[in-house]
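Working notes, beginning with the structure itself.
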Amino acid sequence: MFDSILPAPPDSILGLTEAWKADPNPLKVNLGVGVYKDAAGNTPILASVKAAEAAILQAATTKSYMPIGGAPEYGRAVQELIFGDGHEIIGGRRARSAHTPGGTAALRVGADFLRKVLPTATVWLSAPTWANHKGVFGAAGFPTADYPYYDALGKGLDFTRLREALEKIPAGDIVLLHACCHNPSGVDLTGDQWQMVAAIAARCGWLPFLDFAYQGYGDGLAQDRAGVLALAAACPEFIVASSFSKNFGLYQDRTGALTLVAGSSAAANHAFSQVEVAIRVNYSNPPAHGGLIVTRILSDETLRDQWLAELTAMREHIAATRVRFVAALASHGVPGDFSFIARQKGMFSFSGLSDAQVRFLRDSKSIYIVGGGRINVAGITSKNLEYLCTSIREALAST
C-alpha cells in the first residue's frame, strides 16, 4: 500500500540541519535551526537545569501518568512567568494552563480547540512568520491569511500598514501575534504600539493568539511580557502559547504550555474542558520531565536566581554577537549597511540576503541559511565569523 507514496519535501528549517550534518566540508556553518550556541559553538545544559534534575531524580517515587492538562503547580508557575506574580488574571482565576510537548504542541492544541469553537474563523499570520505556523493551523483545518508586518526596504516594522490591516480583520477571526523576538525578522513592536494593537483587538472583536517562544531573549523576562500585559488590560479573552526550549534550554525535553484567558473563572473552566478534549485525542497526557524542571526552578528562589543569571547571559551573548557581526561585515568590506541587525531582538535576523545568495552560500560555501535570508544569529561564533563574512562578500559579488 505504501509503494505509490511520493516522498514529502524536506522541512524548510529542520531539513537544513540534516543537509548540514551530511556535508563533509570542515568549514560548514549552520545558521538555520533556532538553537542557542555559546561562544564555543555548543548548546549547553544550564547549570540551574542540571541542579533541578538532580533534585527531581533524588525525590522521584513514581512514573505514573500526569493529568491531561499537566500538574497544577506547573500551570501556576507558567502563569506567573507570563503575567507576573499577583496579576489580576491569576487572582481572578481567569486563566487555565495546559502543559504541552513544546510550543508547537501548544499552538496545535490551541488550533484544535479553536477549530471546534470558532469553525468559520480565519487565522491571520504576520508576513512573514515562522514557517510552521501555516502548517500547524492548516492541519487543524483553518484557512490562513497574512497581515503586513515587515518593511523589507526599511529593514523594520511597517506599523502603519500593520495597524490598518488589523483594523479590517472581522470580529471572530483569530490573529496570531509574536509576543517578542519576532521569528523570522527579529523586529518587535514597542510598548506604545502594543497598546494600540490591544485597543484594536478590543474594538474589532478578533481573538489574539500570542506565540511566546522567546520570553527573556528580547529585553528581559518582565520587559518581554509587554504585549501580553497590554492585551490582558484590553481584552477579556486571548490565548498564549509558551515554549521553554530557548529560555530554559529544554530543546529535547519538549516543554511548553497553552494558557487560555477567559472573561470569568467559570468561562475559563468550561473552555478549558474543551482544551483537555483536544489534548486527550492527541497525546493524552504530557511528558513530566521538562515540566518538573521548570516548576522546580521557578519555585526555588536559589535556582530561579541562578536561571535568571544564565538567561541574562544568553540574551547578552546574542546581542553582543549581533554587534560583532555588523562590525565584522564592515571590516571585511561587505557592501551595504547592516546596522539593522544590531537593532533586532532575539535569535533571528532577516539578513537581507536574496534567495540566490542563500543558494550560493549553501552550494559553494556550505553555509546553511533558511530561504528568504533568515539567519540564527546565535549560530555565529568566533570560529566561523571571518569565514561567514568573506563568504557573504563573495555571495553579494557573484549574484
Side-chain angles (χ1 to χ4, degrees), residues 66-100 103 105-124 137 140 142 166 169-177 179 194-212 215 222 225-242 256-282 286 291 295 298:
M66 300 287 285
I68 292 174
E73 55 268 28
Y74 175 77
R76 287 194 296 271
V78 167
Q79 290 174 25
E80 289 176 0
L81 194 63
I82 293 173
F83 301 111
D85 191 17
H87 193 276
E88 176 272 329
I89 284 177
I90 300 174
R93 295 186 52 79
R94 296 197 294 116
R96 301 290 183 273
S97 295
H99 175 182
T100 62
L107 290 166
R108 181 56 193 266
V109 168
D112 286 345
F113 158 71
L114 291 173
R115 181 64 177 166
K116 187 172 184 179
V117 299
L118 298 173
T120 63
T122 294
V123 176
W124 293 81
F137 286 98
F142 277 112
L166 295 183
I169 292 177
D173 276 2
I174 301 155
V175 177
L176 187 87
L177 299 159
W194 272 117
Q195 295 291 336
M196 286 185 270
V197 167
I200 293 169
R203 183 168 61 252
C204 294
W206 43 259
L207 180 73
F209 194 143
L210 283 155
D211 189 343
F212 207 1
Q215 186 177 4
R225 64 170 73 106
V228 178
L229 297 183
L231 289 165
C235 303
E237 299 174 337
F238 59 97
I239 291 176
V240 182
S242 300
L258 178 76
T259 298
L260 177 148
V261 177
S264 68
S265 180
N269 281 336
H270 296 161
F272 194 69
S273 70
Q274 296 293 343
V275 171
E276 290 181 315
V277 170
I279 291 171
R280 180 64 172 139
V281 299
N282 191 330
T295 305
L298 294 180

Flag side-chain contact, heavy atom, 4.5 Å: [X] against [Y]:
{"X": "Thr259", "Y": "Phe83", "result": "yes"}
{"X": "Gln215", "Y": "Leu81", "result": "yes"}
{"X": "Ile174", "Y": "Ile239", "result": "no"}
{"X": "Leu177", "Y": "Leu231", "result": "yes"}

*Within 6.0 angstrom of Arg203 CZ, more than 12 heavy atoms from elsewhere*: yes

Can you give me the closest heavy-atom contact between [X] and [Y], atom names plus distance?
{"X": "Gly172", "Y": "Ala121", "answer": "O-CB, 3.4 Å"}
{"X": "Ala198", "Y": "Cys235", "answer": "O-SG, 3.9 Å"}
{"X": "Ala234", "Y": "Ala202", "answer": "O-CB, 3.4 Å"}
{"X": "Ala95", "Y": "Val261", "answer": "CB-CG2, 4.2 Å"}
{"X": "Ala230", "Y": "Gln195", "answer": "CB-NE2, 3.9 Å"}
{"X": "Gly227", "Y": "Trp194", "answer": "CA-CD2, 3.3 Å"}

Counting only N and O atoms by type, is there a donor-acceptor contact under 3.5 Å from the side chain of [X] to the main-chain atoms of [Y]?
{"X": "Ser265", "Y": "Arg93", "answer": "yes"}
{"X": "Asp173", "Y": "Thr122", "answer": "yes"}
{"X": "Gln274", "Y": "Lys116", "answer": "no"}

*Drop me the distance from Leu107's CG to Leu258's CG, to the nearest 0.5 angstrom.*
8.5 Å

*Could you give the distance from CD1 (Ile82) to CD1 (Ile90), rounded to the nearest 0.5 Å?*
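It is 8.5 Å, given to the nearest 0.5 Å.
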
*Between Leu166 and Trp124, is a side chain to side chain contact (heavy atoms under 4.5 Å, CB included) present by the stated rule, with each step listed?*
CA-CA 9 Å; Leu166 295 183; Trp124 293 81; over 6 Å; no

For [X], salt bridge (charged side-chain N to carboxylate O under 4.0 Å, His left out) partners two or more places apart:
{"X": "Arg76", "value": "none"}
{"X": "Asp112", "value": "Arg108"}
{"X": "Arg94", "value": "Glu88"}

*Compute whether any side-chain donor of one residue and acceptor of the other, for Ser97 and Gln79, lie under 3.5 angstrom apart.*
yes

_Run the ring pair (Phe, Tyr, Trp, His ring centres under 6.0 Å) test against Phe238 and tell me which residues pass, sequence neighbours left out._
none

*Identify, with sequence neighbours excluded, every residue that meets ring pair (Phe, Tyr, Trp, His ring centres under 6.0 Å) alongside Phe137.*
Phe209

*By side-chain contact (heavy atoms from CB on, under 4.5 Å) - contacts of Leu229 (at least two apart)*: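 Leu229 satisfies side-chain contact (heavy atoms from CB on, under 4.5 Å) with His87, Arg225 once adjacent residues are dropped.
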
